[in-house]
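Reading through the structure tokens given below for one structure.
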Amino acid sequence: MSAERRDEGPAGEAAVVRVEGLVHRYARRGLEDHPVLGGLDLEVRGGELLAVVGPSGGGKTTLLHLVAGLIVPTAGRVVLAPEARPAMVFQRPRLMPWRTAVENAAFGLECLGAAAPLPKAAALLGELGLADAVHAWPRELSEGMRQRVNLARALLVQPDVLLLDEPFAALDALTRRRLHRDLLALLRDRPRLAVVLVSHDLDEVAALADRALVLSDRPAVVRADLPIALPHPRDADAAGRLELAGRREELERLLGSPEGAAPE
Amino acid sequence: MSDDPPGSIDVASPTRTGSPSSVPWISVASVVVALLVWEGVCRAELVSRVLLVAPSRIAVAGVEMLGLASVRADIGHTLAAFAASLAIALVGGAGVGLLIGWSPVARQVLQPFVVTFHALPKVVLMPLILLWVGFGLGASVFLGAMMAAFPVLTSVAAGVGALEADLLVLARAFGAPRRLTVRAIVLPGLAPFLVSGLRVGISYAMVGVLIAELAGSGRGVGHLMLLFLETFEIERLFAAMTLVAGLTLAATGAVGVLERRLGRWRPDPA
């Protein structure tokens, strides 16, 4: 039960992702100049779970898509460490309905041209408690199971940075807590993996993150950078729960302060 | 986390259980009852034998007819025209459907023609077809393909529109090679649309082929039907009609099986 996922702590790791002066505008008809990101700087180190919180529609998903290279920024840049591979866990699971759970999980590996993608995918699904559901169709899975497949698909490509776009938002509280626990277990086995978690759920952020960035209203800039260096599991005892509540309150205060938007 | 050791999972033998859709007994019963009523009406001579032939006599006439080499040649002729027109409709319809679905420019350029020809009763082209390609196989294939192409075309174009943008973004996020994107996302997404277009196209192709044959091509089952009408062989006329219906039903049924196989992942394979 170590405080950090690695012995030396995130500070000793090099940055896997560095974002410098990131500006993004969506130029759509009617929304001619629609600035979403207004000059964002951030850094994520190997082994660190960075949470990004901020008002809805505030460009958090845009930030992830920029880091993943799915869109090109209007200005500024995203620098990944050499050879670093990002992998995206989308908000909706985006499973192919015509592929079974294991075939969906293997998709990322297939994209890399990896050998024997199916057994590898089946093994990780087993680790995620889906051993009995590997050959199920997505429609036969619960939302929580679909999100596990979504997570497995991204982890299987052995990414250096995992981009989580509110993947637990649509789950009921109990399933969400189980997935949090499973995610932390998976991250313990992957001590150098950097994670960027976009979330609206301050309990989730307090429970999972090593550090939280609070974004401003649109166009988003970093308003606060709050370390949450608490040992896992964080709600094991009364003292831990008290600490957790403190961090959560602090986040809420930062998010709700005058120049920001109302918390979710 | 599961306690099962990873790696103990059997990947090779997926246990996909597609429930074979069985025909409900009540439907079978209703068909049997209808045939019995038909038979009874004819036997009781409630309707003239010239106007309606009993199913049993149609069957006898059919078997007898199939014994004739010339009849078999005409059936072969119709089947060849049917298969050729369906193949052309499938390739051409899917090709234009993809073009229209994908490219807004192509859609704008082709749409007026597609709408016009789609709305046009293709039969009015028959004299022109006869002028261009003459009587015979060519005319049958021409009209059959023209008629069957449109349901395929509209269905495929709709399929392109229904492709999930989310999945295409997913493919991009994982850096999927183009071939994999096509194989894993585009084709499986389009397949149900192609097959349902094909299913409608089948009966259209048969209609086109028969119209050409009935217009006097001198060969094929349509020609046989005209012949039997002229010689007043009403039982054989009914047998020929039954044969055409049977062929179309069989082809549609085969596509239905294909549709269910491709749609195993769907909640309720139709």
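To find a chain, count down the sequence lines: A is the first, B the second, and so on, and within it residues start at 1. Values below: all heavy atoms of this structure, side chains included; hydrogens, waters and symmetry mates excluded.
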*Taking atom OH of B/Tyr204 as the centre, does the number of heavy atoms from other residues, nucleotides or ligands within less than 6.0 Å exceed 12?*
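Not more than 12 within 6.0 Å, no.
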
Top contributor to chain B interface from [options] [non-hydrogen pairs under 4.5 Å]:
{"options": "A/Pro97, A/Pro138, A/Ala68", "value": "A/Pro97"}
{"options": "A/Pro159, A/Cys111, A/Ala121, A/Gly113", "value": "A/Cys111"}
{"options": "A/His65, A/Arg178, A/Met96", "value": "A/Met96"}

Electrostatic pair [X]-[Y], nearest N-O below 4.0 angstrom:
{"X": "A/Asp201", "Y": "A/Arg176", "result": "yes"}
{"X": "A/Arg99", "Y": "A/Glu110", "result": "yes"}
{"X": "A/Asp160", "Y": "A/Arg192", "result": "no"}

*Please say which of A/Asn150, A/Leu130, A/Leu125 ends up in a side-chain contact (heavy atoms from CB on, under 4.5 Å) with A/Met145.*
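For A/Met145, the side-chain contact (heavy atoms from CB on, under 4.5 Å) test succeeds with only one of A/Asn150, A/Leu130, A/Leu125, which is A/Leu130.
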
What part of [X] gets closer than 4.5 Å to chain A, counting heavy atoms only: side chain, backbone, both or neither?
{"X": "B/Arg179", "result": "neither"}
{"X": "B/Ala171", "result": "both"}
{"X": "B/Ile185", "result": "both"}

*Check the pair A/Glu166 / A/Ser199 against side-chain hydrogen bond (donor to acceptor under 3.5 Å, both in side chains), numbers first and verdict last.*
CA-CA 5 Å; A/Glu166 299 194 61; A/Ser199 180; 5.6 Å; no

*A/Leu95, part contacting chain B, at a heavy-atom distance under 4.5 Å*: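 It is the backbone, since no side chain atom gets that close.
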
_Heavy-atom contact with chain B under 4.5 Å, split by part of A/Arg92_ =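 Contact with chain B involves the side chain of A/Arg92 alone.
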
*Which residue out of B/Pro188, B/Gly175, B/Ala176 racks up the most heavy-atom pairs below 4.5 Å with chain A?*
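Between B/Pro188, B/Gly175, B/Ala176, the count favours B/Pro188.
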
*Assess the side chains of B/Glu213 and B/Thr78: does a donor N or O sit below 3.5 Å from an acceptor N or O?*
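The answer is yes; a qualifying pair exists.
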
